J.: 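Below is a structure I'd like to ask you about.
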Number of protein chains: 2
Amino acid sequence: MDSRIVNLRSKLDVYKAMAGGGNLADCPVREVIHGLNGKWSSLLMAALAEQPYRFGELRRLVPDISQRMLTQTLHDLQRDGYVHREVFPTKPPSVEYSLTDLGRSMFGALHHLIQWAELNHDAVREARAGFDATQA
Amino acid sequence: MDSRIVNLRSKLDVYKAMAGGGNLADCPVREVIHGLNGKWSSLLMAALAEQPYRFGELRRLVPDISQRMLTQTLHDLQRDGYVHREVFPTKPPSVEYSLTDLGRSMFGALHHLIQWAELNHDAVREARAGFDATQA
DNA sequence: AGTGCTGGTCTCTTTTTGAGACCATTAAGA
DNA sequence: TCTTAATGGTCTCAAAAAGAGACCAGCACT
């Protein structure tokens, strides 16, 4: 048996998390990660991690999101159990979005990545510039 | 001054990381996160975090990625400085992909999210099923 | 001569996203 | 009263991104 394959199995288990048959397709971890891969998901999670916001507040807070994608991303985050949506019977009705316990737990992990990005975005930018220079 | 605004500013600074003028558009953190938002980026990072792989090995390892997206995702990861690409003059030439130091550093942060997904994917699945049931 | 492996690119179709108009209800201003 | 604005959306249409799969050159083996 190829030792490289053994190595692969033992270590990639972290990602595939017991995906049936040992293949990486149909992996539950992939499904979860994919739910956070949307262009706006992590940004909205970061906003709601601070405090609940109403629809219009989020729209003003993230100036370059379209109303359509804000609706849809919030809907998806709610579906995955990260976000709670509550309608208040004011006139006109207002809607408040907040993180659930699951959402706060998930953001705890996402936060590491955001902090890394904060600390290293200049390194990434440099790498990008260097790469683009050689590919000119 | 509205105390909610103050609260917002102080805390969302983590995400916007000194985006000019205080708006969340054109935020360097968003650029970095966006580079990892691709459908295949985190999966390939997890694979390469274990050991270097050749193009064909990655393709076999991730059975449902198209050759086109494998090429493109590896190219993007290389551009952002996470992945090193080395061509060996064998016949036919073989290409090996490996993580750079920056890539390993970034994966350290990403790893938290992957582990969270591993531990909580059943909770997410339940939330999703419950949500879909009420929306029927 | 034919087959297969290497790591790709090219084209075509389908899915996702973005831009912006539209909607009903209500309140405030002129 | 008539206009204007705010609420949280939905709908349509155009643009961008992703997926499927054909194709390619170079070389080895049979």
Side-chain angles (χ1 to χ4, degrees), chain A residues 2 4 23-27 30-31 33-44 47-48 52-80 83-98 131 135, chain B residues 2 4 23-27 30-31 33-44 47-48 52-80 83-98 131 135:
Chain A
D2 185 349
R4 210 170 47 193
N23 68 339
L24 281 171
D26 302 325
C27 160
R30 274 180 60 177
E31 279 181 41
I33 298 290
H34 184 252
L36 306 170
N37 267 348
K39 182 170 178 181
W40 306 103
S41 309
S42 39
L43 183 53
L44 292 179
L48 294 176
Y53 279 110
R54 292 176 40 191
F55 187 88
E57 290 177 317
L58 286 170
R59 188 155 49 96
R60 283 185 289 275
L61 195 58
V62 185
D64 56 343
I65 193 173
S66 68
Q67 210 160 350
R68 186 185 165 282
M69 288 312 293
L70 181 54
T71 300
Q72 183 178 313
T73 305
L74 286 170
H75 178 273
D76 292 349
L77 291 175
Q78 185 191 0
R79 187 172 107 99
D80 283 5
V83 161
H84 172 69
R85 177 181 188 271
E86 189 162 6
V87 182
F88 293 97
T90 57
K91 291 174 273 183
S94 55
V95 181
E96 189 182 81
Y97 292 93
S98 56
F131 183 84
Q135 302 291 317
Chain B
D2 185 350
R4 209 169 50 193
N23 66 337
L24 281 170
D26 305 324
C27 160
R30 276 181 60 176
E31 279 181 41
I33 298 290
H34 184 254
L36 306 170
N37 267 349
K39 183 170 178 181
W40 306 104
S41 309
S42 40
L43 184 52
L44 293 179
L48 295 176
Y53 279 110
R54 290 174 44 191
F55 187 88
E57 291 177 318
L58 286 171
R59 186 153 49 98
R60 283 186 290 274
L61 194 60
V62 185
D64 56 343
I65 192 174
S66 69
Q67 211 159 350
R68 185 183 167 285
M69 286 315 291
L70 181 54
T71 301
Q72 183 178 312
T73 305
L74 286 170
H75 178 273
D76 291 349
L77 291 175
Q78 184 191 0
R79 187 171 107 99
D80 283 4
V83 161
H84 172 70
R85 178 181 185 269
E86 188 160 8
V87 182
F88 294 97
T90 58
K91 291 174 274 183
S94 55
V95 181
E96 191 182 80
Y97 293 92
S98 56
F131 183 83
Q135 304 291 316

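A note on names: the letters A, B, ... follow the listed sequences, proteins ahead of strands, and every chain is numbered from 1. The structure displayed is predicted, hence computed values, not measured ones.
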J.: Rounded to whole angstrom units, what separation is found between the CG atom of A/Leu44 and the P atom of C/dT17?
T.: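 It is 13 Å, rounded to the nearest whole Å.
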J.: Please state how far atom CD in A/Glu96 lies from atom C1' in D/dT7, giving the value in whole angstrom units.
T.: 15 Å
J.: Between B/Arg54 and B/Thr71, which is nearer to the 5' end of DNA chain C once each is assigned its nearest nucleotide?
T.: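 Per heavy-atom nearest nucleotide, the more 5' residue is B/Arg54.
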J.: Indicate yes or no: at least one non-hydrogen side-chain atom of B/His75 is less than 4.5 angstrom from one of A/Phe131.
T.: yes
J.: Is any side-chain N or O of B/Tyr97 closer than 4.0 Å to OP1 or OP2 of C/dG8?
T.: yes
J.: Measuring from A/Leu74:CG to A/Leu70:CG, what's the distance to the nearest 0.5 Å?
T.: 4.5 Å
J.: In whole Å, what is the span from the CG atom of B/Leu74 to the P atom of D/dA18?
T.: 14 Å
J.: B/Asp64 versus A/Arg30: any side-chain heavy-atom pair under 4.5 Å?
T.: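 Yes, their side chains come closer than 4.5 Å.
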J.: Look at the side chain of B/Trp40 and decide which nucleotide, out of C/dG8, D/dG19, C/dG18, has an atom nearest to it.
T.: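 Of all the options, the side chain of B/Trp40 is nearest to D/dG19.
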J.: Would you indicate, yes or no, if C/dG7 has its OP1 or OP2 atom less than 4.0 angstrom from a side-chain nitrogen or oxygen of B/Arg59?
T.: no
J.: Taking CG from B/Asn37 and P from D/dA17, how many angstroms apart are they, rounded to a whole number?
T.: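 From B/Asn37 CG to D/dA17 P: 14 Å.
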J.: B/Phe88 near the nucleic acid: base, sugar-phosphate alone, or nothing, with a heavy-atom cut-off under 4.0 Å?
T.: nothing
J.: Tell me, for nucleotides 20-30 of chain D in 5' to 3' order, what letter each nucleotide earns: B for a base near a protein heavy atom under 4.0 Å, S for only sugar-phosphate near one, - for neither?
T.: B-----BSS--
J.: Please state whether the phosphate of D/dA17, meaning OP1 or OP2, lies under 4.0 angstrom from any side-chain nitrogen or oxygen of A/Lys39.
T.: no
J.: Sequence neighbours excluded, which residues qualify as ring-ring contact (aromatic ring centres under 6.0 Å, His included) partners of B/His34?
T.: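 By the ring-ring contact (aromatic ring centres under 6.0 Å, His included) rule, B/His34 matches no residue at all.
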J.: Does B/Val83 reach the side chain of B/Leu48, with side-chain heavy atoms less than 4.5 Å apart?
T.: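 Result yes, sub-4.5 Å side-chain heavy-atom pair found.
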J.: Consider the side chain of B/Met69, meaning its heavy atoms from C-beta on, and name the nucleotide among D/dA18, C/dG18, C/dG8 that approaches it most closely.
T.: D/dA18
J.: Which one, D/dA18, C/dT6, D/dT10, comes nearest to the side chain of B/Gln72?
T.: D/dA18
J.: Quick one: B/His75 NE2 to C/dG8 P, roughly how many Å, whole number?
T.: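 Taking NE2 of B/His75 and P of C/dG8, I get 10 Å after rounding.
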J.: With sequence neighbours left out, write down each residue that passes side chain to side chain donor-acceptor pair (under 3.5 Å) with A/Ser94, or none if nothing qualifies.
T.: A/Thr90
J.: Figure out the CG/C1' separation between A/Leu58 and D/dT7, and round it to whole Å.
T.: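 Interatomic distance, CG of A/Leu58 to C1' of D/dT7: 14 Å.
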J.: Heavy atoms only: give me the nearest A/Ala47-A/Leu58 pair and the separation to one decimal.
T.: CB-CD2, 4.1 Å
